[in-house]
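Chain naming here is simple, since letters A, B, ... match the order of the sequence lines and numbering starts at 1 in each.
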Number of protein chains: 2
Amino acid sequence: MNQETGHAVTYQYDAEDKVLAAVDCIIFGFDEEDLKILLIKRGFEPEKGKWSLVGGFLKKEETMEDAATRILELYTGLDNIYMEQVATFSEVDRDPVERTISTAYYALINIREHSKNLIKQFSAQWFSVSNAPHLIFDHDRMVQHALQRLRNRSATEPIGFDLLPQKFTMRQLQKLYEAIWDAPFDKRNFINKINSLNIIDKLDEKDMTTSRKGSYLYQFNAEKYEKREGKFLI
Amino acid sequence: MNQETGHAVTYQYDAEDKVLAAVDCIIFGFDEEDLKILLIKRGFEPEKGKWSLVGGFLKKEETMEDAATRILELYTGLDNIYMEQVATFSEVDRDPVERTISTAYYALINIREHSKNLIKQFSAQWFSVSNAPHLIFDHDRMVQHALQRLRNRSATEPIGFDLLPQKFTMRQLQKLYEAIWDAPFDKRNFINKINSLNIIDKLDEKDMTTSRKGSYLYQFNAEKYEKREGKFLI
DNA sequence: ACAAAAGTGTTACGGTTACACCCATGC
DNA sequence: GCATGGGTGTAACCGTAACACTTTTGT
């Protein structure tokens, strides 16, 4: 930031308005069928009892990435999670209590790994994106924005794997992308496309839980991804 | 934002840290050859005399979009300009004077229309993106981020026209996209592609300033764009 | 034997790319 | 008449999309 006001040689930052800065997290998970988001029932006024994204205020000694990481750990018990800034929302009256700007981040977690205790403690709940309740403030817009970003990003970066177990089947991967895009893909074309990317390894193991025949497990190979030529593009 | 702390029924916003919120603008222009950005020589400490994006602090009664619009008008005299939020930068020490987070916006203006007086008044100057000086704070990162966003957006939305005069030639349009992408395009393929989009009108006028033969002028047709089927994709 | 999900290849189509010559005009 | 930039069409190529049957195995 910079500004020249009245040609003063030294600028008086003191005269400027300060605001509360918040971070809100759109936590995505995938349950083999639907793309889900983690919401909490707000425990204080205003809007007490309504559904809300998880969030918190930015502290003086942390970056927004730090804050988002802290909030994510607080509500899921997880760290080292893929995360991306979405946008900052700054409508003047977005929080009726006090002027607050909020930066939204989305995070991708393996839904089987988060802490069930914390979920209970915070009255949190997973909702399908397509079937979520109305949220407080501008949180619905944040979710839509995050979803759009997730779609764009997942088409050009191999981030979908963050929503799956380390070992996964082709059907799971396909269902994941179908959930993200809310559109069906052709089974053979999808597999051919993924295989042509040459970034996942087929294992000798099979997952026997969803069919009698069983389906092969695969694993993302980060090394192959780094060394690949050509684009990643689903 | 929301947070449940110690199960209090009413949350004390008062206890939270406030920060300065700034807006910095990456103002893009196009001069028939290069993609340019408008920079100012900082008139106060710290970093006095160094080059910087134009910016300002967010005021209590305005949104960030408002602030960006205000700043843009202050430095160029223009309003009603295409603008998009890029991201918020929040490194703790990014501004050495005081904790300040800054949200970057990029704007696309017709470089012939901005106020020359203001440019002079603020010691502002246009620099080719590829040949700009080092900027203060994290402004270099902001520019790179904005440029990437401009590339992505301009591939799927007809925003390039905001950088051109209302009437322009195919060669100008092509050079603009070449500047944005820093890559050459085939003349015939480009024209075929643009024509197939069916969103610009060929006029009966010619621009005689760059060749003896003259080249036809075209005009973006917003109505056709709204009604088109299929994607816009350069 | 049959139900239920997994696995597998080929062809048609459409968009992208590569490419070279003539045109109009001012000097 | 010639130099300069403007304008035009086609064929090869490649990635995407459409499409149906066989395999495995638990019950």
Side-chain angles (χ1 to χ4, degrees), chain A residues 31-33 151 154-156 164-165 167-219 228-234, chain B residues 30-34 151 154-156 164-165 167-219 228-234:
Chain A
D31 71 350
E32 316 277 305
E33 203 61 49
R151 283 180 182 146
S154 67
T156 54
L164 294 173
K167 298 174 182 179
F168 52 86
T169 67
M170 278 289 185
R171 288 298 287 166
Q172 281 178 294
L173 188 61
Q174 183 181 342
K175 280 185 175 170
L176 168 62
Y177 277 94
E178 289 177 333
I180 290 175
W181 289 94
D182 193 24
F185 294 151
D186 179 87
K187 187 166 50 162
R188 275 174 291 188
N189 290 343
F190 184 81
I191 291 175
N192 288 340
K193 179 63 161 279
I194 297 292
N195 281 333
S196 75
L197 294 173
N198 198 35
I199 57 168
I200 68 176
D201 296 328
K202 188 176 191 169
L203 306 177
D204 282 332
E205 286 172 80
K206 280 189 167 190
D207 169 17
M208 303 304 292
T209 62
T210 57
S211 76
R212 316 208 192 272
K213 186 179 178 183
S215 70
Y216 281 104
L217 288 165
Y218 291 78
Q219 208 168 238
R228 101 220 99 89
E229 297 180 16
K231 294 176 187 165
F232 177 92
L233 195 57
I234 297 285
Chain B
F30 177 66
D31 73 348
E32 317 275 307
E33 204 59 48
D34 283 334
R151 283 179 181 147
S154 67
T156 55
L164 294 173
K167 299 173 182 181
F168 52 86
T169 68
M170 277 289 184
R171 287 299 287 166
Q172 280 179 295
L173 187 61
Q174 183 181 344
K175 280 185 176 170
L176 168 61
Y177 277 94
E178 289 178 335
I180 291 175
W181 289 95
D182 194 23
F185 293 151
D186 179 87
K187 186 165 52 161
R188 276 174 290 190
N189 291 342
F190 183 81
I191 291 175
N192 289 340
K193 180 62 160 280
I194 296 293
N195 282 332
S196 74
L197 295 173
N198 198 34
I199 56 168
I200 68 176
D201 297 328
K202 188 175 191 170
L203 305 177
D204 282 333
E205 289 172 78
K206 279 190 166 189
D207 169 19
M208 303 304 293
T209 62
T210 56
S211 76
R212 318 208 192 270
K213 184 180 177 182
S215 70
Y216 281 104
L217 289 165
Y218 291 78
Q219 207 168 236
R228 91 212 168 289
E229 297 179 17
K231 294 175 187 166
F232 177 94
L233 196 58
I234 297 287

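Of all heavy-atom pairs between A/Phe168 and A/Leu173, the closest is CE1-CD2, 4.1 Å. Scanning both residues, A/Ile199 and A/Phe232, for their nearest heavy atoms gives CD1-CE1, 3.4 Å. Between B/Asp186 and B/Gln174, the shortest heavy-atom contact is C-NE2, 4.0 Å.
Map A/Arg212 and A/Asn192 each onto its nearest nucleotide of DNA chain C; the residue landing nearer the 5' end is A/Arg212. Mapping A/Ile191 and B/Ser211 onto DNA chain C by nearest heavy atom places A/Ile191 at the nucleotide closer to the 5' end. Looking at which nucleotide of DNA chain D each of B/Thr169 and A/Gly214 is closest to, the 5′-most match is held by B/Thr169.
If you take CG of B/Leu217 and P of D/dG6, they are 12 Å apart, rounded to a whole angstrom. Distance, A/Asp207 CG to C/dA4 C1': 15 Å, rounded to whole Å. Between the C1' atom of D/dG5 and the CD atom of B/Glu32 lies a distance of 14 Å, rounded to the nearest Å. When rounded to the nearest whole Å, the span between CD of A/Gln174 and P of C/dT8 equals 14 Å. Taking atom NZ of residue A/Lys231 and atom C1' of nucleotide D/dC14, one finds them 14 Å apart after rounding to whole Å. Atom CD of B/Glu205 and atom C1' of D/dG6 are 17 Å apart (whole Å). Rounded to whole Å, the distance from CG on B/Leu173 to P on D/dG6 is 13 Å. Between the OH atom of B/Tyr216 and the C1' atom of C/dC23 there is a distance of 11 Å, given to the nearest Å.
Note on A/Lys206: nothing from the nucleic acid sits closer than 4.0 angstrom, heavy atoms only. Residue-level contact check: A/Lys193 touches the backbone only, with heavy atoms under 4.0 Å from sugar-phosphate atoms and none from bases.
When the side-chain nitrogen and oxygen atoms of B/Arg171 are compared with OP1 and OP2 of D/dG6, one or more of them lie within a distance under 4.0 Å. For D/dG7, the OP1/OP2 oxygens have no side-chain nitrogen or oxygen of B/Lys213 closer than 4.0 Å.
Residues A/Asp207 and A/Lys167 fail the side-chain proximity criterion, which asks for heavy atoms closer than 4.5 Å. Counting heavy atoms from C-beta outward, A/Asn198 and A/Arg228 have side chains that stay 4.5 Å or more apart.
Residue A/Lys187 has its side chain nearest to C/dG7 when only C/dG7, D/dG26, D/dT4 are considered. When the nucleotides D/dA17, D/dT8, D/dT25 are ranked by their closest atom to the side chain of A/Asn189, D/dA17 comes out on top.
The base of D/dA17 lies outside donor-acceptor range of the side chain of A/Arg188, with no N or O pair under 3.5 Å.
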